[in-house]
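Below, each value reflects all heavy atoms present in this structure, side chains not excepted, and no hydrogens, waters or symmetry copies. Just so it is clear: chains get the letters A, B, ... in the order the sequence lines come, proteins before strands, and each one is counted from 1.
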Amino acid sequence: MNERNFYITTPIYYVNDKPHIGHAYTTILADVLARCHRSLGEPTFFLTGTDEHGQKVQKAAAARNITPEAHCDETVIRFQELWRELGITNDKFIRTTDPEHKRVVSEILRELYDRGEIYKAEYTGWYCVGDERFFTEKDLKEGKCPECGRDVSEIVESNYFFKMGQYREWLIDYIETHPEFIQPSFRANETLGFLRKDLGDLCISRPKTRLAWGIELPFDRDYVCYVWFDALINYISGVGYRSDEKLFEKWWPASYHLIGKDILTTHTVYWPTMLKAMGLPLPRTIFAHGWWLTGSTKMSKSLGNVINPMAMIERCGVDAFRYYLLAEMSPGQDASFTEENFVARYNSDLANDLGNLLNRVVNMTCRSAAGAIPAPGESTGEEQEFNDAVSGAIEAMTSAITGMKLDQGLAAVMNAVRAGNRYLEKTAPWALAKKGETAKLNTVLFTAAEALRKVAVLLMPVMPSKMAELGHALGYEAEAFAALKLSDLTRPTDIAGRKVNNLGGLFPRIEVEAAQASAPKAAEEAVNVADPVTIDEFFRTQLKTAKVLTAERVQGADKLLKLSIEVGAETRQLVAGIALYYTPEAMVGRTIVIVANLKPAKIRGIESQGMLLAAKVGDQLKLVTVDGEIASGASVG
RNA sequence: GGCGGGUUAGCUCAGUUGGUUAGAGCGUCGGAAUCAUAAUCCGCAGGUCCACGGUUCAAGUCCGUGACCCGCCA
C-alpha cells in the first residue's frame, strides 16, 4: 500500500434496521474524512454498505411472504436514499448479497478449512422456542431464557469453529506494539482486558435447519456462514480481494475502520485474527466513536427516543446537520443531541458568526466597491492579526484531519470567523467609505473576502453545498470553487476583481419562539387527591373517539366552532369553545375524544350533543386525541 | 466483584513533561457601534479546579484514601 492512499470504511449496516442518527453519524464522519483527504490531494477510497444475511431478514421476508432477496432489495434503498440525501460520497456500496462478495467469502472459508483453521465440533446449548434463539450455559439467567424468562430446552448441535484462540498472544503483542491500531487508546485497553481472559474459538456457522439465509459453507452444504465472518470480509472483498489484485494492492490495508463502540470486540479481536489467518496485514486504525444521547439515555429504537435524521434535515438543511454532528461530538466520547443545543449552535456559529460575516462583506462590497472585490492596498497590523487567525485555522484543520479531531479543527475555523467580525469592527469599513479612504477600504474588503474564501475551503468537506453557495457569493463558478483543495490555499489568490452576489442570508437564523411554544411550562395547578373518585364513578362518563366531518364558525361568537362528528354509526353535532386555537379547516378529519353521554345543551341556540376534551394551561389549549388511527366510536378509558 | 476512565466558571468542555493573576465557546448582565441575518464588537462575571491526607521551594497537574459518576469484563 502506498502511504498516501487513504481507504476508509464504515461498518456495513444491518439492512433490516431502520436508519437512525447513529448510522448517519458514522457515515457522515467517514464522508467528511474522505472529502478532507481528497482535499489534501490524497487518493481516497470510501466504502460503506449493508449486511444482508441472518435471522431477522429471513423472518421479516417470511412475514411479508417474499424472498429474502426481494426483501433486501427493497429495504437497502432506505440506506442508499439517506446517504444520497446526506451528500455521502462513498466510492462503493457493498452488499453482502453481492455475488462477488459471496464468492470471496466462500473461497476464504474453503482455504481456511483446508488449512485446518476451521474445524467442526459438537457442543451443548439451550434453545428458546419463543425467541428462536440459541444460548450458551453462561447466557442463561437462573436456567431460563435471558431474553424472555421462559424455559429453554437443551440441544446438542454441531458447528464449525475458527481457531481464533491460538492468536491470542500474537494479538496482545500486536496491540501493545501498535498504539495507533485501536483508537481512542482506552478502547485498546478494553480490548486488552478482554484478551487477558481466555480467548476461545469463534463459532462461524449455523445449521440450515435454524438459519437458511446465509452464505453456504463450501465444505458442508448443511450449514451457512454466521454473521461476523461473512460481514467483516466486506472490508477486503469491497476493494478487490481475490478479484482485482491490483485494486486490492492499492487500498489494503485500510487507513480507518470507523465503528461504533458497540462493535469493538468484533473489530479488534475477530477481524485481526481472521486477517492473520488469511496472511493479510491489519488495518492501520480501528476507530470507535461514541453514542449520540438524548438527555442521558442511549438512543435506541426500543426506547422510542430516536431522532429521525430525515426530520432534522427538513428543519435545518443537510449541511447544518453535518456541521452540528461534527462540531458537537469529540470523536470517541458520547455526545448529547438536543434541539435546544442544535439551535443554539446553529444560530451562534453559522448564522451570527459565519453567515453574518459574509453578508457584511458582500453588502459593503456592493455599496462601496461597485460590487467587485477590490485589489488590496497596504497591509497593517490589523490585517496581520486577522490573517494569522486564518492561517491558524488552516493549520489546525490540517492536523485535525490526521489526528481525528475534527471538532477542534472546526473550532479553530470558527475562531477565525470571529476574528473576521472583530476585524471589521476595528477597521470599520463603513466609516472608511464615508471618509473616502478608498485604499484602506479596499484592503479591508479584500482581506475579509479572501479570508472567507479560505474558510469556505476549510469547511467544504463538512458543508459542501453551503460552501458552494459561499463561493458563488464571492463570485466563483460553482465547479471551479468546488475543485479548490486545501493544498491550493498556499497559492496566490485570484479573488480580486470578482463580482460578488448577494445571497440574502447563507444561514437564516432559526427563531426559537416556535420551540418555546411547543414546550410550555408545566401546569402549576396541583391535583386534588383528597376527594378521589371511584372507578365506577369515573366510568359513568362515557368517553368515545369521534371523527370530525365538518367544522364551521358560529356566527356572532368568536370562540365557538360548530362541528359535525361521526361517532361509530351515528352522526352528531357539537359546539366547542376552541375557535381561538383551531381553525375550522384544521379540525376536519381529526380524531377527537368526546364525552358521549353528556346531557345535551343549547349553546348560542345550537344544540351540542356532547363535549370534546382538550388540555388547557394559561393561554394554551390542545385537543386530546389518540395516538394513531382508530375507528370512531371506540371507547376511551 | 475485577480492570480502566472521569469529577475544573450557570451550561458544554480545554488544560502539554508540576511553576507567574486557571482558559475557550455558549448563556447572563453592562456598554459601544450601526456595514450586517436585532446579527456584531468591548467589558464584567471572582470557579475551595469532588473531599481529606501526603510528596515538593512549588500541584488542577504526582502519590494515598474516600465519595459520586461512567465504560469494559464477570
Quick check for you: among [options], whose closest atom lies nearest to any side-chain atom of [X]?
X        : options             : result
A:Asp353 : B:C42, B:A36, B:U40 : B:U40
A:Ala351 : B:U37, B:A33, B:C73 : B:U37
A:Arg418 : B:U37, B:C41, B:C73 : B:C41

Does [X] place a side-chain N or O at less than 4.0 Å from the phosphate oxygens OP1/OP2 of [N]?
X        : N     : result
A:Arg367 : B:A36 : yes
A:Arg360 : B:U40 : no
A:Asn363 : B:C35 : no

ask   = Closest approach of A:Glu450 and A:Ile495, non-hydrogen atoms and distance?
value =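 Closest approach of A:Glu450 to A:Ile495, heavy atoms only: OE1-CG2, 3.7 Å.
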task = Remember a base hit wins even if backbone is also touched, and classify A:Leu357 as base, sugar-phosphate or nothing at under 4.0 Å, heavy atoms.
result =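 Result for A:Leu357 = nothing.
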request  = Classify the nucleic acid contact of A:Gly355 as base, sugar-phosphate or nothing, counting any heavy atom under 4.0 Å across all strands shown.
outcome  =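 Base contact.
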Distance check needed: [N] [atom2] versus [X] [atom1], whole Å only.
X        : N     : atom1 : atom2 : result
A:Met329 : B:A14 : CE    : P     : 14 Å
A:Asn189 : B:G2  : CG    : P     : 18 Å
A:Phe337 : B:U12 : CZ    : P     : 17 Å
A:Lys261 : B:C73 : NZ    : P     : 11 Å
A:Leu264 : B:C3  : CG    : P     : 20 Å
A:Asn356 : B:U34 : CG    : P     : 16 Å
A:Glu437 : B:C35 : CD    : C1'   : 16 Å
A:Leu199 : B:A74 : CG    : C1'   : 16 Å

NZ/NE/NH1/NH2 to OD/OE distance under 4.0 Å, A:Glu425 and A:Arg422 =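 The answer is no: the pair does not qualify as a salt bridge.
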query = Closest nucleotide of RNA chain B for A:Leu506 versus for A:Asn421: which of these residues is on the 5' side?
reply =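 It is A:Leu506, whose closest nucleotide lies nearer the 5' terminus.
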message = Reading RNA chain B from 5' onward, which residue's closest nucleotide shows up sooner: A:Glu190 or A:Glu328?
response =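 Its nearest nucleotide lies further toward 5', so the answer is A:Glu328.
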Between [X] and [Y] (judged by ring centroids, cut-off 6.0 Å), do the two rings come close enough to count as a pair?
X        : Y        : value
A:Tyr174 : A:Phe181 : yes
A:Tyr160 : A:Tyr226 : no
A:His257 : A:Tyr235 : yes

task = Please measure how far the C1' atom in B:U55 lies from the corresponding atom in B:U61, and state the result in whole Å.
result =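 Approximately 14 Å lies between the C1' atom of B:U55 and that of B:U61.
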Span that lies between the C1' atom of B:A59 and that of B:G53, in whole angstrom =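 It works out to 14 Å between them.
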query = Does A:Glu340 get its side chain close enough to the base of B:C11, under 3.5 Å, for a donor-acceptor pair?
reply =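 No such pair is found, so the answer is no.
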